[in-house]
Amino acid sequence: MTYIRANVNIALLKYWGKQNVELNLPYQTSISATSDVFYTDTKVEIVDSLTEDEVFLDGQKLSGIPYIRVVQHLNTLRKHFKQKAFVRVRSFNTVYIKAGFASSASAFAALTAAYTVAINKRVSKIELSRLARIGSGSAARSLHGGFVIWHKGVSHESSFAEQLPVSWPNFRMIFTLIETSEKKVSSRVGMQICVEKSPSFNNFVREGGHHVELMIDALLRNDLHAVGEIAEQNAELMYNVMLEAGLEYQTEATRKLIEKVKDIRKRKEIPVYYTFDAGPNLILLTEAEYVEDITKLLEGVRLEVSKVGGPFSVVKR
Ligand code: PMV
């Protein structure tokens, strides 16, 4: 059967907080790298006999809040494309759901693209990114391959993601799997708590704004040092905002690993940097030639090495 595959993306500059909840307009312009190891495969079929949407994730029928989120997004898509029919959705995920590896990004990107295939509409990647954004903000970036910018925008039209003209074949992300359990507070809820409660939220937004041009410039030069430093600063600002709001997504193991990464950088002079999302696992940023050494130095930690992945695609499974 034919599925639509969308890859996970990892934000080098984070989105964390919505200015407009209904349209999912963020406070920040964010920048990400698309991964090639974690993805979601989704097929959407129009089934006229259905009286409600049916959603299967890894073969299991979905219910409760995850089901409602999918149906809400299908309602958005139906309204946009002036459709009525209910659908059957089959999805397979290689991402550890809610462990902080942006599973909703690949999931809503794949769902959006697969829906347009089911109703036979040809839609540009940029337009798909606008629609996916409504399902889950970070999904806007997962339609594209390479390095991607999501312009925060001020309206539905102006808030979209596109690929940056960056070529960096040696760039690597190393996913560290410290914990694969579900997070306690979803990103969706957590980020709005931060908007309301964190005293330094505005500072995080302001600094993030300064980071955008610096990050683009560093990516264009393939300057790992600059990319890594800015990504770390940006992630730590987000983490601080989370802590101020009483949200702790990390564990002792996370902070220990961060110290270890800094130590490898300093003492072994290996260029390796880190970022994280709303979860305990780090994503390390480096280049191909250093991966073997880093892997040896992190013996005992479960790792997945990722190159820069492509845009959504059609696959058979
Ligand atoms: O798109 P959401 O609601 O899963 O939020 C994603 C938030 C972060 O992963 C923490 C940052 C980002 O930009 O991906």
Side-chain angles (χ1 to χ4, degrees), residues 6-35 38 40 65-66 69-70 72-73 93 95-112 129-144 147-153 159-161 173 175 182-195 198 201 204-205 207-209 211-212 215 230-243 245 247-250 254 274-283 285:
N7 290 318
V8 157
N9 72 78
I10 294 300
L12 304 173
L13 296 186
K14 306 296 175 185
Y15 142 62
W16 190 253
K18 306 175 206 296
Q19 300 210 44
N20 178 321
V21 175
E22 203 187 325
L23 292 177
N24 248 359
L25 301 184
Y27 276 96
Q28 309 89 347
T29 288
S30 54
I31 293 182
S32 61
T34 301
S35 152
F38 291 126
T40 304
I65 291 171
R69 277 196 69 184
V70 172
Q72 279 173 345
H73 193 54
N93 223 337
V95 193
Y96 295 101
I97 295 172
K98 292 199 180 164
F101 283 162
S103 56
S104 64
S106 55
F108 282 92
L111 178 64
T112 306
S129 83
R130 289 190 185 99
L131 293 168
R133 184 198 77 234
I134 297 173
S136 171
S138 54
R141 301 185 308 242
S142 268
L143 274 318
H144 302 281
F147 294 87
V148 180
I149 186 165
W150 169 20
H151 306 280
K152 63 179 176 173
S159 188
F160 63 89
M173 288 174 275
F175 290 79
E182 283 207 10
K183 61 188 171 204
K184 288 175 219 92
V185 183
S186 69
S187 301
R188 170 174 288 233
V189 172
M191 62 176 74
Q192 288 317 92
I193 297 177
C194 292
V195 172
S198 307
F201 187 79
F204 163 52
V205 172
E207 288 299 312
H211 287 157
V212 174
M215 180 59 89
I230 304 164
E232 284 187 3
Q233 274 174 32
N234 191 269
E236 290 293 358
L237 283 170
M238 176 180 74
Y239 181 60
N240 188 43
V241 156
M242 291 166 167
L243 287 185
L247 296 170
E248 175 57 284
Y249 287 105
Q250 301 187 352
T254 315
Y274 65 88
T275 188
F276 44 75
D277 284 335
N281 300 302
L282 300 185
I283 302 96
L285 312 173

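Numbering of ligands and ligand atoms starts at 1, following listing order.
Under a 4.0 Å criterion applied to the non-hydrogen atoms of Ser138, ligand 1 contributes the atoms 1 (O), 2 (P), 4 (O), 6 (C), 14 (O). Within ligand 1, the atoms closer than 4.0 Å to a non-hydrogen atom of Met191 are 3 (O), 5 (O), numbered from 1 in the order shown. Each of the atoms 10 (C) of ligand 1 lies under 4.0 Å from some heavy atom of Ala278. Close approach of ligand 1 to Gly137 is summarised as follows: ligand atoms under 4.0 Å from at least one heavy atom of the residue are 1 (O). Contact atoms of ligand 1 toward Trp16: 7 (C), 10 (C) (distance under 4.0 Å to a heavy atom of the residue).
Residues Ser30 and Leu13 approach most closely at CB-O, 3.1 Å, considering heavy atoms. Counting all heavy atoms, side chain and backbone alike, Tyr15 lies closest to Gly137 at CE2-CA, 3.7 Å. Closest approach of Leu143 to Ala132, counting heavy atoms only: CD2-CB, 3.6 Å. Looking at every heavy atom in both residues, Ser104 comes nearest to Ser138 through OG-OG, 4.2 Å. The shortest heavy-atom contact between Thr40 and Ala107 is OG1-N, 3.5 Å.
Between Ser104 and ligand 1, a contact under 3.5 Å exists for at least one N or O pair. Polar contact check, Tyr15 against ligand 1: a nitrogen or oxygen pair lies under 3.5 Å apart. Checked by distance only, ligand 1 and Arg141 come closer than 3.5 Å through their nitrogen or oxygen atoms.
In this structure, the side chains of Glu232 and Thr275 stay at 4.5 Å or more apart for every pair of heavy atoms.
Contacts of Ala11 with ligand 1, taken as heavy-atom pairs under 4.0 Å, involve the side chain alone.
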Does the pair Tyr249 and Phe276 meet the rule for a ring pair (Phe, Tyr, Trp, His ring centres under 6.0 Å), with working shown?
CA-CA 10 Å; Tyr249 287 105; Phe276 44 75; 9.9 Å; no

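Ligand 1 has Ser136 within reach: a non-hydrogen atom of the residue lies less than 4.0 Å from it.
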